[in-house]
Amino acid sequence: MVVVTPFWASIETDMPIELWRRLLPPRVTLAAGLELLIRPYHAYAIQKNSLETVRGAAAAMLERGADRVYLFNYMDSQTAMERAEDTKAVLNECGKLSTLAGKTRRHVATYTDTWGPDEASAALLPKSVGAGNWFALRIATGPKVSRAEVRLGCEGPAPAELRLNGVKCQ
Amino acid sequence: MERSILLCRAFLALPAAVAAAAAAPTGDRATALGLNEDNSHYFFTRAGERLDAEKVAGFIDQYSGTQVRELMLSANSMRTSYASEVWDPIWRGYDANGPDDQPMLASTPAASREGSHKWIHTAWDLAQRKIDPQ
């Protein structure tokens, strides 16, 4: 088994699982590591994943070809999710797309908390956008859903227009 | 339920069986969960409890019937959390009657000493009573 995973500071929702799958022999079980914490960039307040964010990350990783979802630090107390009932739901839902289907999930832009020598550290957020400009976030979202809601936190004026997969949001 | 628990324990005790199962996923078990338990969490969260062999072994029962297929049990960092005869166990140099700030924990940040003490004491106590959590 090979586990692709961030170090600890945040779950990483855009790990290139499909590339790891191509690199590894078929006999190797490929697991996507989901950390307990979640944040968009390193200076952000430490917080834990919710049931919805674990569902979202698991759905995306399974859709991209992970054989396994490897939960790291989802223990049975203290080093655990905030609510025991959420842990129970995660343990019963988040290993298979079939049991994730139809359930509310969140897909959050996070960052890579580990990088190699001479490799630039990178985070998509926060992002400064001047008047008249735009930017895009690519977020793996797993199987297609019929309805989605976009949440974008802003300082200053809200964007004049927001699009999801090229479609203007209502 | 009891049979399921026993099978689960036996399964986890046989690495070869785990490997075989992982290599040939079938049907609805084609994907599922792995889960870690680190080398200190069990011990400091069970501090003060009267643990016996059945209770320790029963730790994995909570995962019976869930999607968890593999439990990854961390046995050590620089020291082991069990009575290794090769590496130093975490209680080497430990004074079971000593306080949180005993010499062994002098290099541990003050805020972490209580938790470390609980971890070490529980692991030490299990070892004294020949209960092997691994």
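Just so it is clear: chains get the letters A, B, ... in the order the sequence lines come, proteins before strands, and each one is counted from 1.
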Q) Is there a side-chain contact between B:Q67 and A:T99 (heavy atoms, below 4.5 Å)? A) yes

**Q.** Neighbour count >12 (heavy atoms, 6.0 Å) for atom CH2, A:W20
**A.** no

Q) Are B:V68 and B:F59 connected in a single hydrophobic cluster, I mean Ile/Leu/Val/Met/Phe/Trp/Tyr linked by side-chain heavy atoms less than 4.5 Å apart? A) yes

Q: Answer yes or no: does atom CG of A:N133 have more than 12 heavy-atom neighbours from other residues, nucleotides or ligands under 6.0 Å?
A: yes

Q | Residue list, side chain to side chain donor-acceptor pair (under 3.5 Å) with B:T66, at least two apart or on another chain | A | none

Q: Would you indicate whether A:R106, at its atom CZ, is surrounded by more than 12 heavy atoms from other residues, nucleotides or ligands within a distance under 6.0 Å?
A: no

Q: Tell me, for A:A66 versus chain B, whether the close heavy atoms (under 4.5 Å) come from the side chain, the backbone, both or neither.
A: backbone

Q: State yes or no: do A:V3 and A:L19 share one hydrophobic cluster built from I, L, V, M, F, W and Y residues joined by side-chain heavy-atom distances below 4.5 Å, directly or via other members?
A: no

Q. Is it true that B:F44 and B:I131 fall in one hydrophobic cluster, defined by side-chain heavy atoms closer than 4.5 Å?
A. yes

Q | Spacing of OH belonging to A:Y70 relative to CD belonging to B:E70, to within rounding of 0.5 Å | A | 10.0 Å

Q.
Please check if the number of heavy atoms outside B:Y94 that lie under 6.0 Å from its OH is greater than 12.
A. yes

Q. How about residues 75-91 of chain A versus chain B: which residues have heavy atoms under 4.5 Å apart?
A. A:M75, A:D76, A:S77, A:Q78, A:T79, A:V90, A:L91

(Q) Rounded at 0.5 Å granularity, tell me how far OG1 in A:T29 sits from CZ in B:R69. (A) 7.5 Å

Q.
Around atom CZ of B:R129, are there more than 12 heavy atoms from other residues, nucleotides or ligands closer than 6.0 Å?
A. yes

Q: Kindly indicate whether the side chain of B:L35, heavy atoms from C-beta on, has any atom under 4.5 Å from the side chain of A:Y74.
A: yes

Q: Begin with the C-alpha distance, continue with both residues' side-chain angles, and end with the deciding distance and a verdict on side-chain contact (heavy atoms from CB on, under 4.5 Å) for B:N36 and A:L71.
A: CA-CA 7 Å; B:N36 85 302; A:L71 300 169; over 6 Å; no

